[in-house]
Amino acid sequence: MSWDPVYRLVKQIPRGRVTTYGELAKSLRLRGGARVVGYAMAATPRGRGIPWHRVIGAGGKVTMPEPHASLQRRLLSTEGVPFEGARIDMKLYAWSPKSGAKSHAKSRKPKRKPTRRVAPKSRV
DNA sequence: CATCTGACGACCG
DNA sequence: GCGGTCGCCAGAT
């Protein structure tokens with residue numbers, strides 16, 4: 001699977017800013033949502049200058065195996081994105097793909113699949 | 001083909 | 001605020 005669009009978008013993240021998996025997913029209109037983005041990030045090829053460390057979880061939380069989490073925190077703090085404990089102040093450092101990355105395609109057809117649930121779950 | 005897992009997100013208790 | 005669960009999709013076994 002080529003996650004090029006995801007990597008490309010990640011590379012658009014300016015230094016000193018961060019974005020979330022969910023934002024990337026919504027920006028790319030991925031059916032899988034944040035999950036697929038996380039999957040893509042997990043397979044991020046090294047040596048391409050992809051700032052994977054600028055991609056964090058929702059709410060500025062770091063979600064990943066320890067070795068990477070530690071490195072990510074260090075890299076971000078180096079770029080000027082301080083951590084408040086185990087998270088980042090998204091209010092100040094959140095970066096929106098739409099704002100920073102200009103979309104070449106003016107309009108894209110919704111890739112939404114006609115998947116729907118038969119009936120509402122009792123989860124109410 | 002069935003089942004589990006995973007660098008997520010939202011909701012509930 | 002934290003932990004557990006469900007929903008979502010893709011890949012591996």
Side-chain angles (χ1 to χ4, degrees):
Chain A
M1 185 68 96
S2 301
W3 303 105
D4 276 2
V6 180
Y7 301 143
R8 194 179 310 171
L9 202 56
V10 173
K11 288 196 293 187
Q12 304 315 308
I13 305 175
R15 182 171 172 281
R17 296 289 180 110
V18 295
T19 189
T20 64
Y21 297 93
E23 287 299 307
L24 292 173
K26 294 202 303 184
S27 213
L28 294 171
R29 295 292 181 271
L30 298 178
R31 296 190 291 103
R35 204 80 193 237
V36 177
V37 176
Y39 200 78
M41 297 307 299
T44 300
R46 300 184 183 182
R48 297 198 179 193
I50 302 176
W52 59 269
H53 56 274
R54 289 176 191 156
V55 183
I56 60 181
K61 295 186 300 183
V62 180
T63 60
M64 58 172 76
E66 258 310 305
H68 290 133
S70 189
L71 178 60
Q72 180 177 39
R73 279 168 43 173
R74 189 172 59 146
L75 290 170
L76 288 176
S77 64
T78 299
E79 293 188 351
V81 183
F83 268 79
E84 296 182 354
R87 33 183 307 181
I88 299 173
D89 189 343
M90 297 302 287
K91 298 287 196 180
L92 304 174
Y93 304 100
W95 174 79
S96 303
K98 298 161 60 85
S99 303
K102 51 171 52 60
S103 304
H104 286 179
K106 338 173 63 58
S107 58
R108 60 183 70 263
K109 57 180 57 179
K111 304 176 72 171
R112 300 300 307 179
K113 204 170 73 156
T115 52
R116 69 182 67 69
R117 50 182 56 77
V118 183
K121 282 302 184 68
S122 58
R123 195 174 229 286
V124 183

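Lettering follows sequence order; numbering is per chain, from 1.
- Proximity of a side-chain donor or acceptor of S27(A) to a complementary backbone N or O of L24(A) within less than 3.5 Å is not detected.
- Each salt bridge (Lys or Arg N to Asp or Glu O under 4.0 Å) pair with one or both residues in residues 75-85 of chain A, not counting sequence neighbours, appears once here: R54(A)-E79(A).
- In this structure, Y21(A) places its OH atom 14 Å from P of dA10(B), rounding to the nearest Å.
- Annotation: side-chain contact (heavy atoms from CB on, under 4.5 Å) contacts of R17(A) (sequence neighbours excluded): I13(A), P14(A), W95(A).
- Considering all non-hydrogen atoms of both residues, T20(A) and G57(A) come closest at CG2-O, 3.4 Å.
- Using a 4.0 Å heavy-atom criterion, one finds that G33(A) contacts no nucleic acid atom at all.
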Please tabulate, one pair per line, each protein N/O and nucleotide N/O from nucleotides 3-6 of chain B that are separated by under 3.5 Å, including the distance.
{"unit_1": "dG6(B)", "atom_1": "N7", "unit_2": "R35(A)", "atom_2": "NH2", "d": "3.1"}

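- As rounded to whole Å, 14 Å separates atom P of dA7(B) from atom CH2 of W3(A).
- Side-chain atoms of R87(A) and I56(A), non-hydrogen and from C-beta on, never get closer than 4.5 Å to each other.
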Tell me which donor-acceptor pairs under 3.5 Å the side chains of residues 58-76 of chain A have, and how far apart each pair is, sequence neighbours excluded?
{"unit_1": "Q72(A)", "atom_1": "NE2", "unit_2": "H53(A)", "atom_2": "O", "d": "2.8"}
{"unit_1": "Q72(A)", "atom_1": "NE2", "unit_2": "V55(A)", "atom_2": "O", "d": "2.9"}

Applying side-chain contact (heavy atoms from CB on, under 4.5 Å), run through V36(A) and W3(A) and close with a yes or a no.
CA-CA 10 Å; V36(A) 177; W3(A) 303 105; 3.0 Å; yes

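- Sorted pairs that involve residues 36-45 of chain A and meet salt bridge (Lys or Arg N to Asp or Glu O under 4.0 Å), not counting sequence neighbours, are lacking altogether.
- Residues from residues 77-92 of chain A that place a heavy atom under 4.0 Å from any atom of DNA chain B: there are none.
- Distance check, rounded to the nearest 0.5 Å: CG of L30(A) to OH of Y39(A) gives 14.5 Å.
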If you write DNA chain B from 5' to 3' in dot-bracket form, with Watson-Crick or G-U pairs under 3.5 Å, [ ] for crossing pairs and | for pairs with another strand, what do you get?
.|||||.||||||

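- Y93(A) pairs by the side-chain contact (heavy atoms from CB on, under 4.5 Å) definition with V18(A), V81(A), P82(A), I88(A), D89(A), not counting sequence neighbours.
- P51(A) places a side-chain heavy atom less than 4.5 Å from the side chain of V10(A).
- Within a heavy-atom distance below 4.0 Å of DNA chain C, no residue of residues 59-76 of chain A is found.
- Of the candidate nucleotides dG9(B), dA10(C), dA7(B), dA10(C) has the atom lying nearest to any side-chain atom of R31(A).
- Distance, R46(A) CZ to dA7(B) P: 13 Å, rounded to whole Å.
- Under the salt bridge (Lys or Arg N to Asp or Glu O under 4.0 Å) criterion, E23(A) pairs with no residue at all, not counting sequence neighbours.
- Within the structure, ring pair (Phe, Tyr, Trp, His ring centres under 6.0 Å) contacts touching residues 5-27 of chain A (residues at least two apart or in different chains) do not occur.
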